[in-house]
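Remember, it's 1-based here, ligands and their atoms both numbered in the order they're listed. Only this structure's heavy atoms are used, side chains among them; waters, hydrogens and symmetry mates stay out. FYI, the numbering just counts along the sequence from 1. Not measured: the values here are computed from a predicted model.
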Amino acid sequence: MILFGASGHCKSVIDIAESIGERISVVYDDNPKAAAVCHIPVKKYMDGTDGTDESWIISIGNNRIRKKVKEKLQCDFGLLKHKTATVSKWSTIGEGTVIMAQVVINSCTSIGEHCIINSAAVIEHDCQIENFVHISPNASLAGGVTVGEGTHIGIGACVLPEIKIGKWATIGAGAVIIKDVPDGAVVVGNPGRVIHDQ
Ligand SMILES: CC(=O)SCCNC(=O)CCNC(=O)[C@H](O)C(C)(C)COP(=O)(O)OP(=O)(O)OC[C@H]1O[C@@H](n2cnc3c(N)ncnc32)[C@H](O)[C@@H]1OP(=O)(O)O
């Protein structure tokens with residue numbers, strides 16, 4: 001497997017791969033700042049580097065940049081799930097998504113492509129998570145929640161049942177979301193209040 005992006009998030013992705021015995025051969029980056037990350041060699045990405053039969057993961061934490069990189073790469077994407085994550089057999093996970101340690105994804109939930117489901121996040125039954133979403137560590141989504149493309153749910157946030165969160169929104173660390181969130185809104189606090197909108 002090949003990674004794109006030698007960021008801090010990349011180190012967590014390497015950990016997930018190692019937990020299931022998946023070998024990372026190289027990390028590519030547009031601007032490599034170190035020769036290696038967690039002992040894996042880092043090389044400069046050039047157009048055409050992606051012509052390989054290995055599967056790739058974009059190991060970049062920023063949702064917008066991850067989407068931009070996805071649009072330029074011509075390759076097959078893999079999927080990584082830490083050995084301690086629990087995912088219902090009735091749920092689906094899109095390509096390019098990474099699922100970290102101690103995550104729980106319950107029944108009949110759909111996770112899109114190139115998402116990050118970070119350490120110990122809980123996503124309950126019947127949730128719909130669109131592409132390029134990041135659910136931060138210890139965040140909890142109750143049953144039937146929808147999260148639009150590119151949205152970031154902050155660390156430790158809670159979302160009540162059946163709530164709809166729009167696209168490219170940001171939910172602050174520790175927020176409690178009790179009503180629907182429009183596209184592009186930034187919401188903080190308990191109960192969650194909008195501090196910026198589109
Ligand atoms: C492995 C990993 O590291 S995963 C990464 C996890 N990262 C996160 O969870 C980060 C989530 N980000 C946040 O919580 C940020 O504070 C944001 C995005 C919600 C807000 O950031 P900004 O837009 O820069 O807002 P800013 O810092 O200017 O604060 C604006 C106001 O909101 C308040 N505020 C900001 N964040 C929060 C929060 N999480 N909870 C409550 N209030 C908050 C500030 O105190 C400030 O209030 P004031 O106007 O009364 O002084």
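- Note that NZ of Lys81 is 13.0 Å distant from CD of Glu22, once rounded to the nearest 0.5 Å.
- Here the heavy atom of the protein found nearest to atom 15 (C) of ligand 1 is Gly172 CA, 5.0 Å.
- When hydrogens are left out, the protein atom nearest atom 1 (C) of ligand 1 is Asn118 ND2, 3.9 Å; that is the closest non-hydrogen contact.
- Smallest separation of non-hydrogen atoms from Lys44 and Asn31: NZ-OD1, 4.4 Å.
- When distances from atom 26 (P) of ligand 1 to the protein are checked, no heavy atom turns up under 4.0 Å.
- Within a 4.0 Å radius of atom 21 (O) of ligand 1, the protein contributes no heavy atom.
- For the atom pair OG1 of Thr109 and CD1 of Ile93, the computed distance is 8.5 Å after rounding to the nearest 0.5 Å.
- Taking distance alone, with nitrogen or oxygen atoms compared against 3.5 Å, Arg193 stays at or beyond that limit from ligand 1.
- Hydrophobic clustering of Ile, Leu, Val, Met, Phe, Trp and Tyr side chains at less than 4.5 Å, counting indirect connections, keeps Leu80 apart from Phe4.
- Remark: ligand 1 and Ala173 share an N or O pair separated by less than 3.5 Å (distance only, no angle test).
- Heavy atoms of His9 found under 4.0 angstrom from ligand 1: none, in either backbone or side chain.
- Among protein heavy atoms, atom 17 (C) of ligand 1 sits closest to Val186 CG1, 4.5 Å.
- Contact annotation for atom 50 (O) of ligand 1: protein absent (non-hydrogen atoms, distance under 4.0 Å).
- Within the structure, ring-ring contact (aromatic ring centres under 6.0 Å, His included) pairs that include any residue of residues 133-154 comprise His134-His152 (at least two apart or interchain).
- Within ligand 1, the atoms closer than 4.0 Å to a non-hydrogen atom of His196 are 23 (O), numbered from 1 in the order shown.
- Note that atom 4 (S) of ligand 1 has protein non-hydrogen atoms nearby, at separations under 4.0 angstrom.
- Within ligand 1, the atoms closer than 4.0 Å to a non-hydrogen atom of Ile155 are 8 (C), 9 (O), numbered from 1 in the order shown.
- Atoms of ligand 1 found under 4.0 Å from any heavy atom of Ile195, numbered from 1 in the order shown, are 30 (C), 32 (O).
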- [ ] Might you work through the side-chain contact (heavy atoms from CB on, under 4.5 Å) test for Glu124 and Val122, ending with a clear yes or no?
- [x] CA-CA 6 Å; Glu124 268 301 336; Val122 174; 4.2 Å; yes
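- Taking the six-membered ring for Trp and thresholds of 30 and 60 degrees, Tyr45 and Trp56 have ring planes more than 60 degrees apart, a perpendicular arrangement.
- Residue-level proximity to ligand 1 for Pro137 is carried by the side chain, the only part with a heavy atom below 4.0 angstrom.
- The protein reaches atom 32 (O) of ligand 1 closely, with a heavy atom under 4.0 angstrom from it.
- The part of Thr170 lying near ligand 1 is the side chain, judged by heavy-atom distances below 4.0 Å.
- Here the CD1 atom belonging to Ile57 is positioned 8.5 Å from the CD1 atom belonging to Ile16, to the nearest 0.5 angstrom.
- Below 4.0 Å from some heavy atom of His134 lie the following atoms of ligand 1, by number and element: 4 (S).
- In this structure, the protein non-hydrogen atom closest to atom 6 (C) of ligand 1 is Ser136 OG, 3.5 Å.
- When only non-hydrogen protein atoms are considered, atom 36 (N) of ligand 1 lies nearest to Val188 CG1, 3.8 Å.
- Under a cut-off of 6.0 angstrom, the local environment of NZ in Lys72 is crowded, with over 12 non-hydrogen atoms contributed by other residues, nucleotides or ligands.
- Nearest protein heavy-atom contact of atom 10 (C) of ligand 1 is His152 CE1, 4.3 Å.
- With rounding to the nearest 0.5 Å, the separation of CD1 in Ile135 from OG in Ser119 is 13.0 Å.
- Heavy-atom proximity to Gly154, at under 4.0 Å, picks out these atoms of ligand 1: 9 (O).
- There is a protein heavy atom less than 4.0 angstrom from atom 41 (C) of ligand 1.
- Shown here for Thr151 and Gly166, the closest heavy-atom pair between the two residues is OG1-O, 2.7 Å.
- Not a single donor-acceptor pair under 3.5 Å links the side chain of Ser136 to the backbone N or O of Asn118.
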TODO: Under the side-chain hydrogen bond (donor to acceptor under 3.5 Å, both in side chains) rule, what do His9 and Ser7 come out as? Steps first, then yes or no, please.
DONE: CA-CA 5 Å; His9 174 59; Ser7 60; over 6 Å; no
